[in-house]
Every structure is written in structure tokens, then in C-alpha cells.
Amino acid sequence: MDGYVSRALDLAPLLEKNTVFLFGPRQTGKSSYVHQQLGEIVDRTYNLLDQGPLGGRGRDRVMRPLTWHELGPEFDLLRAFRRGLIPSHYLAEDPEDALDSYVGRYLTEEIAAEGLARNIPDFSRFLTAATVCNAQEVVFAAVASDAGLARQTVLSWFNILEETLLGEQVQAWTKTVKRNAIERAKFYLFDLGVVRALRGFPVVTGGSADFGPFFEHFVYMELAAWRDYRSPRSALNYWRSTSGFEVDFILANHTALEVKATVRVDDRDLRGLRALKEEGLLARYVVVCREATARLTKDGIEILPWQEFLGELWNKASLS
């Protein structure tokens, strides 16, 4: 697969009224997007790496790695797991070499050079430890212990990952009444390939232990991209009760999503959604999975193949 992939982000309507600040991690395709899709309508561009902040008011938007929606029929799930979805990595002839360079030069050396993290070996150990809690609740003391760092240092570096758009803490949804919700956030790095590189390039197959967490992370990446491109004011949360029930994502205070890599969803996979559904606070309750066809449980939970769910999602401008 070669060439430019058309991106789902549509800035043209905003540019008719406002200046737009386009942010995103390195190599996610910001410059290519401006030249390829906005070249005929953009009067002037500034690279903020070369210049100080601009005056005036504008709208902020974020460029994320490639999505299933953008790649269309060319999309390959296992390829996305192994390479990630940064364009230059997904399309590379030697993706592991490209990822190794990206992690070594940008995630450590360049962040340190910019003064955000002064000790490169310490920051490198932190990144490796952070991948252990990827797609899980963040326990800062545990990450600090794994990395041999002070808890306050770990807290500040998680903040740096968020400020540089390299990761996101998905906040807990705490609106339930019948069951108390925990308040710890879950953490996701911005790209699957980066996670795999920081973990030493484990082999990810349909039967490997990493497949389920990678599948959940992939769905997170799609939800985060949809939010940032289609509905920037929509919230993305997750829910877990103090008694142990959990739902992977709450999207826009509207839809509860449980992500399962299984090809056959059973009652055990529905426990969290059913517990949350008792509260009656949301409009939809959905399992995103690898089943071949959609179905509906007797109590109104939708079981959707991941392709069908994403196709429906990307056709919506909002969930309200």
C-alpha cells in the first residue's frame, strides 16, 4: 500500500471562519494533510516548532494516527497491531526499524531536549513501565516502583505524555447511584505500534495474550479519533464499580461500550453492561466484538461486529 491516505478530519468549514491550530504527535500526518487536503484553501501556514505561539484566537484540533475508516478495504487488523497506525509506520517496508527510531529519538531524546524530561535513561524506564498499565487503571505508585522513580516524577511525566498528545488518561464515569464508582483513570498511549515497540516487539496473534488488550486499545484509538474529528466536545470515559463491575468505555454520556476480542460473546461478557444498565442512565449498551453478525440480547444489549460498529460510528456527526 503506497501513497497518501485521505484523512477523516475536515477543517475546511472551520477555516472559513477561524484560524485553526492543528496539533498531534510527530508523523501523524499533519503537514501532509495541510498540503494534500487543504492546499487550495489555506492562505498561510505556520509551523509552531519553528516559531513562537501566534497571536489571535483560533480553534484547536488534533491529528491522530490513521483509522479503520480512513484506510477502508486496505485495513488489516493484525497489521495495525504489529505496526501501529502512524502513517509512515503502517506503510513502511521495515516498520520495526521505523518504530525503534521513533521511540528512541522522539519519545526519549527529543522530549528530553525540549526540557520536558531532563534524564533520558529515567524517562526511558518510565515509558517502559507506563506500557505495563496501558489500557488499565493507572496506579502511580506501582509505575514509580517498577521504574525506580519518585511518585511525583511519575505523576509529572504522565502529565507530559498528555500535554504532548502521546497518551490520554480516560477519566472514570462516576454518575452511578446504585453502585459506587471508582475514580482512578485508565491510561492509553496514542498508538499501538509505539506500545509494542516499548514492550520489545512481542508477537501479537489471534491466540496471544496481547490480542485482547490490543483490540481494546484499537477501539479506543477509533473512539478518540472520532471524538476529535467529529464531536470534539463529546466525553470519553470508562466505568468501574467498587464491587468490580466494569465497562470499557462510556461515549458522550450516551453509549456504554464493552470491547471483547471473542468470536462468541457469552453471559460472562455482559456482566458489566448489565450492572450499569440497571441504573438506566444511558441510551445504548453495546458489545463490540469479533462475532460475524449483529444480534440483540433479550434485555436489549446490542452485540455488534467491530466493523459494523465502526461503520455506524463514523457515519455519525454526534451521538445526541
Side-chain angles (χ1 to χ4, degrees), residues 3-72 80 83-92 98-99 101-103 105-107 110-111 113-116 159-170 188-194 218 220-236 251-252 310 313-314 316-318:
Y4 177 74
V5 177
S6 183
R7 307 307 299 269
L9 179 63
D10 184 10
L11 293 183
L14 274 179
L15 285 166
E16 292 177 359
K17 303 175 182 178
N18 291 92
T19 299
V20 175
F21 293 95
L22 180 60
F23 299 98
R26 295 284 179 88
Q27 298 182 25
T28 48
K30 300 181 295 296
S31 297
S32 296
Y33 170 77
V34 170
H35 293 305
Q36 296 285 340
Q37 290 182 229
L38 301 179
E40 295 183 1
I41 64 172
V42 171
D43 296 324
R44 189 173 303 169
T45 64
Y46 298 90
N47 188 331
L48 298 186
L49 291 175
D50 301 326
Q51 306 191 36
L54 301 172
R57 299 179 62 182
R59 301 286 182 90
D60 293 351
R61 289 294 184 267
V62 174
M63 179 68 78
R64 290 192 170 267
L66 294 169
T67 67
W68 169 86
H69 172 69
E70 292 165 337
L71 287 164
R83 296 167 173 249
L85 286 157
I86 294 172
S88 59
H89 301 166
Y90 188 80
L91 304 174
L99 279 162
S101 177
Y102 189 88
V103 168
R105 292 183 182 176
Y106 174 51
L107 295 191
E110 290 197 24
I111 285 179
E114 292 171 8
L116 299 176
N159 288 335
I160 285 171
L161 292 182
E162 289 203 277
E163 290 168 3
T164 55
L165 304 175
L166 298 174
E168 178 178 6
Q169 292 186 52
V170 174
Y188 294 86
L189 282 165
F190 80 106
D191 180 67
L192 280 165
V194 170
F218 159 67
Y220 156 77
M221 290 175 64
E222 293 287 321
L223 295 174
W226 176 85
R227 174 199 61 194
D228 291 346
Y229 296 174
R230 295 280 196 268
S231 188
R233 288 181 293 277
S234 292
L236 181 60
L251 183 60
L310 292 179
L313 178 72
W314 281 105
K316 293 179 179 290
S318 69

Working to the nearest 0.5 angstrom, can you tell me the gap between Leu99 CG and Asp191 CG?
7.0 Å
With sequence neighbours left out, the residues meeting side chain to side chain donor-acceptor pair (under 3.5 Å) with Tyr220 are Glu168
Mind checking what makes side chain to side chain donor-acceptor pair (under 3.5 Å) contact with Trp314, not counting sequence neighbours?
Glu222
Non-neighbouring partners of Gln36 that pass side-chain contact (heavy atoms from CB on, under 4.5 Å), sequence neighbours left out
Tyr4
Between Leu166 and Leu189 the two heavy atoms that sit nearest each other are O-CD2, 3.3 Å
Partners meeting salt bridge (charged side-chain N to carboxylate O under 4.0 Å, His left out) with Glu70 (sequence neighbours left out)
Arg7
Would you check if Phe218 and Leu310 make a side-chain contact, meaning some heavy-atom pair closer than 4.5 Å?
yes
Do Ile86 and Phe190 have side-chain heavy atoms sitting under 4.5 Å apart?
yes
Report the residues that fulfil salt bridge (charged side-chain N to carboxylate O under 4.0 Å, His left out) with Arg61, sequence neighbours left out, ordered by chain and then residue number.
none
If every non-hydrogen atom of Ala8 is compared with every non-hydrogen atom of His69, which pair is closest and at what distance?
CB-CD2, 3.7 Å
Do Glu162 and Gln169 have side-chain heavy atoms sitting under 4.5 Å apart?
yes
Flag, side chain of Arg64 to backbone of Met221, donor-acceptor distance under 3.5 Å:
no
Residues at least two apart in sequence or cross-chain that pass side-chain contact (heavy atoms from CB on, under 4.5 Å) with Leu9, listed by chain then number, are Leu11, Leu22, Tyr33, Met63, Tyr229
If you define the side chain from C-beta out and look only at heavy atoms, does anything of Leu71 sit under 4.5 Å from Leu85?
yes
Where the side chain of Lys30 meets the backbone of Pro25, is there a donor-acceptor pair that is under 3.5 Å apart?
yes
Can you tell me how far the CZ atom of Arg227 sits from the CG atom of Leu313, to the nearest 0.5 Å?
12.0 Å
Straight-line distance of Leu223 CG to Ser231 OG, nearest 0.5 Å:
12.0 Å
Enter the distance from Thr67:OG1 to Trp226:CH2 here, rounded to the nearest 0.5 Å.
13.5 Å
